Amino acid sequence: MTAPVFRFAPSPNGHLHLGHAYSALLNLRMARAMKGRLLLRMEDIDRERCTPELDQAMLEDLHWIGLDWELPVRRQSEHFAVYSEALDKLIGMDLVYPAFLSRGDIKREIEKSAGGKDNWPRDPDGTLLYPNADRQLSQRERDRRIGEGRLFSWRLNMDRAVELLRVPLSWTEFAPEHTVLARPQDWGDIIIARRDMPTSYHLSVVIDDALQGITHVVRGRDLLHATSVHRLLQHLLGIEPPLYHHHTLILDRDGQKLAKSRKDTSLRDLREQGKTRQDIFDQVGL
Ligand code: GLU
């Protein structure tokens with residue numbers, strides 16, 4: 001049997017905080033317990049928010065807490081061509097369509113609908129679902145708009161994608177082991193490729209976990225529902241799913257999820273305050 005492969009996959013768009021430390025160290029602990037490998041991936045497709053300085057700072061913080069990963073580090077920004085290929089596959093399957101509505105357009109569309117915003121369905125993260133009128137556009141109209149230079153993202157036609165499923169999708173949580181039924185339909189027509197790039201978080205995470213041979217995905221419970229989308233994309237692209245563990249989140253004193261914008265729990269600040277690696281382990285309960 002080949003060794004299990006884990007990964008820690010932060011986005012270098014801010015500084016790491018205690019929540020990241022917990023996730024990274026839990027990956028390390030589980031990888032060691034199972035005599036597995038640990039890889040590091042920088043999810044830096046957002047070229048505006050992710051900077052080389054933040055990337056470097058993350059590496060320093062991860063070294064400081066004692067994370068030990070195999071080289072090389074995979075940086076998603078170096079692999080757009082691979083994601084583009086997967087996008088082309090979905091275009092070829094007629095499962096994605098160019099979506100032209102801007103954020104403002106979406107808001108207006110929803111407000112003018114019968115029940116307005118209050119009755120409009122939301123995804124598991126609380127975001128209003130995309131009004132999918134663009135699905136109906138003729139190829140001619142699509143070409144005309146694209147020819148005019150109108151910006152668009154690629155969205156999944158969720159109804160069509162779900163129709164392709166012959167059996168309900170599920171995934172395995174491995175700690176403790178149980179099966180979770182996937183509900184991708186709750187997300188509506190998700191973005192597969194953002195306006196300025198041939199990919200999105202959902203598409204690249206699925207491709208990279210497969211290309212890096214990840215067998216065990218350990219990440220926060222805030223991503224539990226997103227796994228439904230990942231299972232669907234894996235199915236559509238013919239990818240074997242890894243096992244998952246969605247761990248509890250480290251919350252602040254008010255019970256809120258930690259944010260990269262908060263200074264009091266950033267690993268940098270804690271280090272500057274004179275805290276030690278052991279203090280971090282104690283604080284996250286590992
Ligand atoms: N890059 C994502 C984040 O920092 C995590 C992705 C994942 O673990 O699947 O929130």
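As a basis for the values below, the full set of heavy atoms in this structure was taken, side chains included, without hydrogen atoms, waters or symmetry mates. Just follow the structure's listing: the first ligand is 1, and inside any ligand the first atom is 1. Quick caveat: nothing in here was measured; it's all calculated off a predicted structure.
- Remark: Arg145 fails to qualify as a cation-pi partner of Phe152 under the 6.0 Å distance and 45° angle criteria applied to the six-membered ring.
- Considering Leu232, Asp125, Leu156 in turn, Asp125 is the only one that fulfils the side-chain contact (heavy atoms from CB on, under 4.5 Å) rule with Trp187.
- A distance of 3.5 Å separates CG in Asp189 from OH in Tyr97, rounded to the nearest 0.5 Å.
- Protein residues having at least one heavy atom under 4.0 Å from any atom of ligand 1 are Arg7, Ala9, Pro10, Ser11, Glu43, Tyr201, Val205, Arg219, Leu223, listed by chain and number.
- Remark: the Arg219 side chain and the His246 side chain contain an N/O donor-acceptor pair separated by less than 3.5 Å.
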Which pairs would a plain distance check flag for residues 234-244, meaning a side-chain donor or acceptor within less than 3.5 Å of a matching protein atom at least two apart in sequence or in another chain?
{"from": "Gln234", "atom 1": "OE1", "to": "Arg231", "atom 2": "NH1", "distance (Å)": "3.0"}
{"from": "Gln234", "atom 1": "NE2", "to": "Tyr244", "atom 2": "OH", "distance (Å)": "3.0"}

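- Ring pair Phe6/Phe174 is perpendicular by interplanar angle, where above 60° counts as perpendicular and below 30° as parallel.
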